[in-house]
Structures are given as structure tokens and as C-alpha cells.
Participant: 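Take this structure, written in C-alpha cells, and hold onto it; I'll ask about it next.
Quick caveat, the model's predicted, so the values are computed rather than measured. Side-chain atoms are counted along with the backbone in the values below, which use heavy atoms only and exclude waters and symmetry mates.
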Amino acid sequence: MSASIAVFLIALPLSLGIALATGAPLQAGLVAAAVGGLVAGRIGGSALQVSGPAAGLTVVTADLIQRYGWRTTCAITVLAGLAQIGLGCLRVARTALAVSPAIVHGMLAGIGVTIAVAQLHIVLGGSPQSSVLSNLRALPAQLAHLAPASVAVSVLTLALLLLWPRLPGRTGQVLRKVPAPLVAVAGATATAALTGLSLPKVDLPSWRNHALAGLPEGPALGLAAAVLTTTLVCSVQSLLGAIAVDKLVASRPGPGLHIHRSDLNRELLGQGAANIVSGTLGGLPVAGVAVRSTANVNAGAVSRNSTMLHGVLVVVAALLMVPALELIPLASLAALVMAVGIRMVSLNHIRTVTRHREVLVYAVTTLGVVVLGVLQGVALGIAVAVATALHRLTRTRITHDEQEGTHHVQVRGQLTFLAVPRLSRALHLVPQGADVVVELSGSFMDHAAYEALQDWQKTHIAQGGTVELTGRRAGVRIGEPEDLSEPPAIGDASEPRTEAAVADSGAHPEDPPPSAHGTDPAGPLASAGCRCRPWTPWRNHQCERPSAGTRAGQRSGAGAEGRQDGPGAASAVPEPGEHQLVRGISAFQRNTAPLVRGELARLAREGQRPTQLFLTCADSRVVTSMITSSGPGDLFVVRNVGNLVPLPGAESGDDSVAAAIEYAVDVLQVRSITICGHSGCGAMQALLNSEPGGARTPLKRWLRHGLPSLERMADDSRPWARLAGRRPADAVEQLCLINVIEQLEHLRAHESVARALREGALELHGMYFHVGEAQAYLLAGADEDRVFDHVREVDLPA
């Protein structure tokens with residue numbers, strides 16, 4: 001109810017203002033607002049988007065009215081609605097969003113400029129012309145013949161519109177809940193009435209004389225273009241608005257209710273039905289309106305009922321509030337619509353398109369809409385966007401230079417057959433037997449370029465040279481001659497791919513196979529000795545470079561022998577973290593990504609649906625997916641130092657852990673929560689060694705949440721937790737076990753967990769993982785006999 005009232009108070013003045021700006025009967029704005037709320041609100045695919053007469057349609061509708069008259073414009077609206085229903089049935093909504101955002105923003109900016117210039121004449125006390133250029137030419141004469149009353153009312157409207165959202169203090173916070181457009185129009189209307197200003201005001205003829213749609217009259221080609229333009233603008237604006245509403249709902253604070261994402265094809269059907277009804281009843285074209293939709297979301301709407309109820313309120317106002325509406329000065333409505341038009345030229349959009357090098361497309365579209373019209377401007381913008389894309393595709397910079405005896409060939413841009421001659425010239429500048437680094441910084445290489453580069457690479461290596469290929473080219477790599485004396489291990493990067501493997505990876509059958517030497521940023525030797533393979537036993541995973549041990553021996557001699565961090569550790573000096581990170585990511589993209597891409601794509605479409613919340617320590621030796629044999633999407637994992645669950649409360653609570661628990665239980669609706677401790681926990685050792693006083697470091701402040709576990713261990717009246725078959729090895733292991741039990745009790749104190757436990761929708765588990773034994777223990781027994789029992793292979797279901 002509150003959301004519908006907020007939207008209604010904004011929609012009422014804006015609907016009248018947009019009808020005024022188009023030159024349509026003022027009732028047409030009210031009809032479109034009511035139909036948009038009732039029909040599009042009920043049928044559309046976006047529950048919280050509010051539809052009605054939109055500022056983005058003002059220029060199109062005004063041009064249609066001047067060219068064909070009002071009744072034919074209504075018929076065009078009906079035909080546009082039918083076209084939208086056809087597009088919705090064909091399920092092409094996502095395809096419509098392929099239009100470059102720069103074109104859409106440029107179209108809206110051009111419409112905004114056109115609206116602002118036209119309404120400026122009404123603000124100054126005159127009448128707008130038929131085009132932007134005509135309005136600009138007539139502006140000096142209009143400035144010479146100002147109407148002081150109209151200017152005063154317009155300035156008051158703009159001042160209230162600008163200052164009302166900025167009222168300071170608590171009083172201002174309360175007053176700001178009243179929509180600024182309503183305050184601006186009501187304030188200007190009241191001022192004009194109290195001062196007795198003589199101004200043109202809203203004139204609502206009797207509904208008996210309201211003009212309905214008639215048969216379209218005019219040239220068939222012109223009418224078809226008009227229907228196409230109306231369909232395009234209505235559809236794109238509505239679809240973009242639905243996506244924007246989804247983002248607003250996702251970022252809205254508070255738990256609220258779950259609101260489904262917009263169904264864009266259904267939204268097209270709803271907008272089409274609304275345009276058919278609005279056009280038939282003599283209303284303006286209908287589309288999703290950003291201002292009203294934002295107000296609806298911010299006012300706390302949770303279903304489509306608020307949108308529909310706002311339409312009912314518009315109907316009531318149109319029937320019962322005619323005397324009050326006829327007090328509104330036209331200058332006030334013109335100032336309101338002019339402000340809306342100015343805001344359509346968004347500086348944020350200009351910065352965004354500039355950052356993405358789309359400013360030319362944006363500027364051309366904007367100027368095209370202003371000078372030529374909406375359809376012509378959009379067509380011009382699409383042409384420029386296509387030309388820009390082709391220019392970028394064919395613009396490839398290839399340079400060659402020599403640095404410290406190594407030749408560098410840099411390829412910036414897409415490597416297609418058009419660039420092969422330049423690539424060949426640059427490669428032939430490299431002398432025989434030289435060391436070469438070829439940097440590929442594009443994201444695409446066609447077959448002709450691949451063959452040219454591969455042939456040159458083979459020839460250069462055969463002549464005694466070396467070639468290192470680097471760059472951001474995930475997916476396509478240039479192979480080198482392999483040493484076939486040793487067969488490749490299973491899953492090795494040099495293993496030939498079967499047709500099934502190619503199909504699973506999504507690659508083209510003719511694409512070159514991945515190679516250990518290709519474009520690995522760490523160089524050709526980075527993974528030559530690496531035997532890490534996806535989904536195979538996890539062992540000696542660091543995969544040091546084969547030459548690292550030699551380099552280490554050269555640096556430190558025999559003294560480096562025997563320096564190992566543990567069983568099976570490499571004796572080589574580890575590489576810097578950045579190289580390890582890059583090499584690890586490269587191995588994932590080469591080996592694992594093709595195997596999991598299909599599953600991850602499904603998770604991306606459907607969202608995460610984990611069944612368990614797994615809260616464990618941040619210790620790097622505890623690998624949750626390995627211990628639980630789980631994959632992507634199975635576990636919602638929370639890790640912190642000591643696997644602690646702070647008690648809820650203003651002083652002792654911790655919002656990060658509590659937020660994760662609430663999100664997992666209330667939103668993800670997990671069915672179980674596991675708290676997992678582990679052997680050799682440094683946090684428990686720190687608790688045992690802690691002394692009062694000293695500096696309150698962040699670590700000490702965090703570990704205070706583990707003090708209840710320490711107190712529980714010191715309480716002789718409580719039985720200690722134990723492992724099945726043996727006593728804890730030492731005090732640290734004893735505290736690790738007790739800490740799991742204590743944190744489970746802390747977990748039960750959280751409201752969401754307690755509620756789910758009462759409803760029987762949640763289970764809690766305690767777990768202990770002994771790192772050295774690779775053995776997991778699950779908590780069993782009653783409070784008086786807390787035993788962590790082995791999880792054996794025979795315990796698993798068949």
C-alpha cells in the first residue's frame with residue numbers, strides 16, 4: 001500500500017507532463033499510467049517494474065501526432081503492442097539487449113535534449129516548435145518576449161524539485177519521504193492560486209469527448225516505420241528497465257522476501273498487451289519507467305500488487321480529482337518534464353562510454369536523434385558501432401625490437417588473415433638461431449594466422465633458435481615439436497585430445513591442442529616438468545621448474561642438499577608467489593577448466609544451491625573439497641582463524657560470521673552445518689599460551705571468542721571430549737576437540753539456526769580432522785559422552 005501511494009504521487013504529475021510535452025490530450029497520460037499499472041503490472045515479467053507514459057517516448061509520440069494525428073497515433077500504439085507480443089512469443093528479448101549500451105544511452109540522451117529544448121519554450125511562456133533546430137532558432141525571440149508569471153512558476157517548480165531531496169536534519173529526513181515531483185507541482189500550483197497569477201492551466205475535457213483509436217491513415221511505409229520505431233523504443237527501454245530493477249532489488253538492504261528475477265520474454269508480452277489496451281482506449285504508448293520503478297523498489301514493494309494498486313489510484317484520481325488537477329499551471333508541468341529530460345543526459349553514462357572507448361558511438365547516436373529523429377539516430381549509431389568494431393578487429397599493431405640479445409615481436413590486437421603479411425615481415429626480421437619472445441596480446445587468432453605462426457616457429461627452432469610465446473591468449477596455443485621418446489602421462493598437457501574431450505571442452509575440433517610450451521606466461525619451461533593433472537591424486541603439487549634445483553645448487557652448493565619442508569617436498573628454491581599464481585591459473589585453464597566448464601556454466605545459470613555450511617579453520621592444510629569429496633556448488637564455506645563462531649550480541653558478536661550463517665540458513669536454506677577443527681591448530685596453541693595484558697592486537701581480539709573453550713577445558717565438572725580408541729595426544733588436541741563442541745553451542749545461540757532447528761530443517765555436526773593421519777572424526781554421543789569417532793570406508797553407503 002505504501003509503495004503504491006509513493007508511485008502514484010510521482011506518476012500523476014509526470015503523466016500529465018509527458019502528455020503535455022507530446023501534444024496529446026492530457027487524459028491520454030492518465031490512461032497510459034492506469035493501463036501500465038494494471039495490465040503491464042499484472043502480465044509483465046518484472047514484478048516491481050512500473051510502466052506508463054515514459055519520457056523516452058515523448059519525441060517519438062510528438063512526431064507521430066504532428067504527422068498522422070491523434071487517432072492514428074493510437075492505432076500505431078496498438079500495432080506496436082501486437083509487434084511486441086510477437087517478439088515475446090518468439091522469445092527474442094535477450095537478443096534485443098545485444099544493442100550496444102552506448103547506442104541506448106545515446107538515444108536516451110538525444111531524447112532528453114529534445115524534450116528539454118521543447119519544454120523550455122513553455123517554461124518561458126511560449127509554444128514549442130516541431131523540431132529541435134526550429135526550437136533553437138526560435139529561442140532568441142522567445143527570450144525577448146518572456147512571460148514573467150510562467151517563468152516564476154517554473155523557477156519555483158525547479159527549485160523545489162532540486163532542493164526537496166536535500167533537506168537537512170531529522171525533519172528533512174521525514175519530509176523527504178514525500179516525492180519531490182509532487183511537492184514541486186503542488187507548491188507551484190498553490191503559489192499560483194494564492195497569488196492570483198494568470199497562467200494557462202491544465203484543461204481536462206469531459207471523458208465523454210475523449211478520442212479513441214481509429215483506423216490508421218497514411219502511407220504504408222511511413223506507418224510501418226512508425227510502428228517499428230515505437231516498438232523498438234518501448235521494448236528496449238522496458239527490457240533495460242527490468243534488468244535495472246533486478247539490480248536494485250538485489251542491492252536493497254534487509255532480508256525481505258525472495259523476488260524472482262525478471263522474465264524478459266514475459267515482460268515483452270506484458271508491455272505489448274498494455275500498449276494494445278492503452279492505444280485502444282486513447283492512451284499514450286506504454287513502457288517501463290525508471291523513476292517510478294526506483295520509487296517502487298525504494299518504498300519497499302515486495303510484489304506486483306503495488307504496481308497494480310498504483311494503477312487503481314490513477315483511475316480514481318482521473319475520475320474524482322479533475323477539479324484539483326485543473327488548477328495545475330502548464331508551466332509547472334513543463335518545468336518538471338524539462339528536468340526529467342536534462343537528467344536523461346547522464347554524466348555517469350558519458351564517463352562509462354568514454355572509459356570503454358564508445359564515446360563516438362554515443363555522440364553520433366545523440367546527435368542523430370536530436371537532428372534526424374529517433375529511428376534515424378539509432379540506425380546511424382548502429383552503423384558507427386559496427387564500423388568501430390570492424391576497425392578494431394582489423395587494426396593490429398605488430399612491432400619488432402631487440403633487448404639484451406633477445407628479439408621481441410609484439411602483436412597488439414586480433415590476429416586475423418589480414419595481419420598475416422605484416423606478421424611475416426616482422427618474423428623474418430629475426431635472424432636465424434636467435435632467442436625470440438612473441439607476445440600475443442589479442443583474444444582471437446584465426447586459422448591462417450595460426451598456421452603462419454606455427455610454421456615459422458617450427459622452422460626457427462629447427463635452425464637452432466628458441467621461441468617463447470606469451471600473452472593473454474587463453475584457449476589457443478601454438479604447439480612446438482615434442483620429444484616423443486617418452487610417452488605422455490595420463491592427462492598431460494601434451495596428450496592428444498579425443499573427439500569427446502574436444503566436445504566437452506567447447507573447443508573447435510580444428511583448434512590446436514593445448515601444449516605445455518604455448519603461451520604459458522611463465523615461459524616454455526614453466527610446466528614442462530609438471531605432472532599435476534585435474535581430478536587425480538593430490539601429491540607434490542608445487543611442481544617446481546626442473547631447472548630450479550640446478551639454479552639452487554649453483555647458488556648454495558652442497559649446503560642446499562637435504563633441505564626439505566616435509567616428505568616429498570622439492571628441494572628447489574620456491575618461485576615468487578606471483579609466478580606460482582600465474583602458473584597455477586594457467587594449469588587450471590589448460591587442464592581443469594575444459595572438464596568443469598559445463599558444470600560451472602550450469603551453476604552460473606541456476607545459482608548456488610549448497611546443502612551444507614562448512615565452517616572450518618583458515619589453516620592451509622585443511623582442504624575442504626578434498627576432505628569431503630565435494631565439488632563446485634556443494635559447500636558454502638566459512639573459514640577463520642580457529643574455526644570460531646562468536647556468540648551473537650552487540651559487544652561480543654562478529655557480523656562477518658553471523659552474516660554468513662544467516663545467509664546460509666535463511667537464504668540458501670542449507671540442511672546441515674558442520675564445524676570442523678583440526679590437529680595442530682595454531683589458534684588453539686595461541687589460546688593455551690595466552691597471557692593477560694599485552695598489546696591488544698587484531699589476532700588477540702579475535703581469539704577472545706575462543707576463551708569459552710579454554711574455560712570449558714578448565715572446568716573439571718564437565719567431561720572432556722575424546723577420540724574413539726585413544727586419548728588426545730596433548731593439551732592442544734584436547735582443546736581442539738573441546739573447541740568444536742563449544743562452537744556448536746555458540747552456533748545454536750544464533751536466531752536463524754535456533755529457528756531452523758526447532759522446525760526440524762537443520763542438522764548440526766562436529767568434525768575433527770587429523771592432518772598427519774589424513775583421518776576424519778565425526779562427533780557422536782550424548783552431552784555426557786562426547787566422542788569423536790572414525791569415519792571409515794565401510795561406513796559409507798554403497
Participant: Could you tell me how the ring of W456 sits relative to the ring of H460: parallel (under 30°), tilted (30 to 60°) or perpendicular (over 60°)?
Facilitator: parallel

Participant: Checking the side chain of T114 only, and the main-chain atoms of V370 only, is there a donor and an acceptor separated by less than 3.5 Å?
Facilitator: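 It does not hold such a pair.
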
Participant: Are any side-chain N or O atoms of T366 and backbone N or O atoms of G106, one a donor and one an acceptor, separated by less than 3.5 Å?
Facilitator: yes

Participant: Using a 3.5 Å cut-off and no angle test, enumerate the donor-acceptor pairs between side-chain atoms of residues 354-364 and protein atoms at least two apart in sequence or in another chain.
Facilitator:
residue	atom	partner	partner atom	Å
T354	OG1	I350	O	2.7
E358	OE2	R392	NH1	3.4

Participant: Yes or no on side-chain contact (heavy atoms from CB on, under 4.5 Å) for L57 and C234, after CA distance, side-chain angles and deciding distance?
Facilitator: CA-CA 7 Å; L57 295 162; C234 288; 3.4 Å; yes

Participant: For R422, does the CZ atom sit with more than 12 other heavy atoms under 6.0 Å from it, leaving out its own atoms?
Facilitator: yes

Participant: What's the spacing between R639 CZ and F614 CZ if we round to 0.5 Å?
Facilitator: 8.5 Å

Participant: So V437 and Q403, side-chain contact (heavy atoms from CB on, under 4.5 Å) or not? Walk me through it.
Facilitator: CA-CA 10 Å; V437 176; Q403 299 176 5; over 6 Å; no

Participant: When you look at D435 and T466, which way does the side chain to side chain donor-acceptor pair (under 3.5 Å) test go after all the steps?
Facilitator: CA-CA 5 Å; D435 296 331; T466 63; 2.7 Å; yes

Participant: Got a second to check how far L108's CG is from I103's CD1, nearest 0.5 Å?
Facilitator: 12.0 Å

Participant: For the CD atom of E404 and the CD atom of E402, what is their distance to the nearest 0.5 Å?
Facilitator: 10.0 Å

Participant: What I'd like to find out is whether the side chain of S235 reaches to under 4.5 Å of the side chain of L268, using heavy atoms alone.
Facilitator: yes

Participant: List the atom of L380, the atom of G368, and the distance in Å for their closest heavy-atom pair.
Facilitator: CD2-CA, 4.5 Å

Participant: Might you work through the side chain to side chain donor-acceptor pair (under 3.5 Å) test for E267 and S46, ending with a clear yes or no?
Facilitator: CA-CA 6 Å; E267 181 65 17; S46 179; 4.9 Å; no

Participant: Minimum heavy-atom separation for A55 to I111, with atom names?
Facilitator: O-CG2, 3.5 Å

Participant: Between P632 and L600, which heavy-atom pair has the shortest distance, and what is it?
Facilitator: CB-CD2, 3.6 Å

Participant: Tell me, with the steps shown, if L453 and L427 meet side-chain contact (heavy atoms from CB on, under 4.5 Å).
Facilitator: CA-CA 9 Å; L453 187 55; L427 294 176; 3.9 Å; yes

Participant: Would you say D246's side chain and R261's backbone share a donor-acceptor pair under 3.5 angstrom?
Facilitator: no

Participant: Without swapping roles, check the side chain of S586 against the backbone of V582 for a donor-acceptor pair under 3.5 Å.
Facilitator: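 Checked: no pair found.
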
Participant: Over 60° means perpendicular and under 30° means parallel, so tell me whether Y663 and F636 are parallel, tilted or perpendicular.
Facilitator: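 Tilted: the ring planes of Y663 and F636 meet at 30° to 60°.
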
Participant: What's the separation between atom OG1 in T611 and atom CG in L635, rounded to the nearest 0.5 Å?
Facilitator: 7.0 Å

Participant: I'd like to know if the side chain of T396 reaches the main chain of Q414, judged simply by a donor and an acceptor atom lying under 3.5 Å from each other, with no hydrogens or angles considered.
Facilitator: yes

Participant: Partners of R602 by salt bridge (Lys or Arg N to Asp or Glu O under 4.0 Å), sequence neighbours excluded?
Facilitator: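 Salt bridge (Lys or Arg N to Asp or Glu O under 4.0 Å) list for R602, sorted by chain: E599, E606.
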
Participant: Considering residues at least two apart in sequence or located in another chain, which fulfil the salt bridge (Lys or Arg N to Asp or Glu O under 4.0 Å) criterion with D619?
Facilitator: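 Checked D619 against salt bridge (Lys or Arg N to Asp or Glu O under 4.0 Å); matches are R621.
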
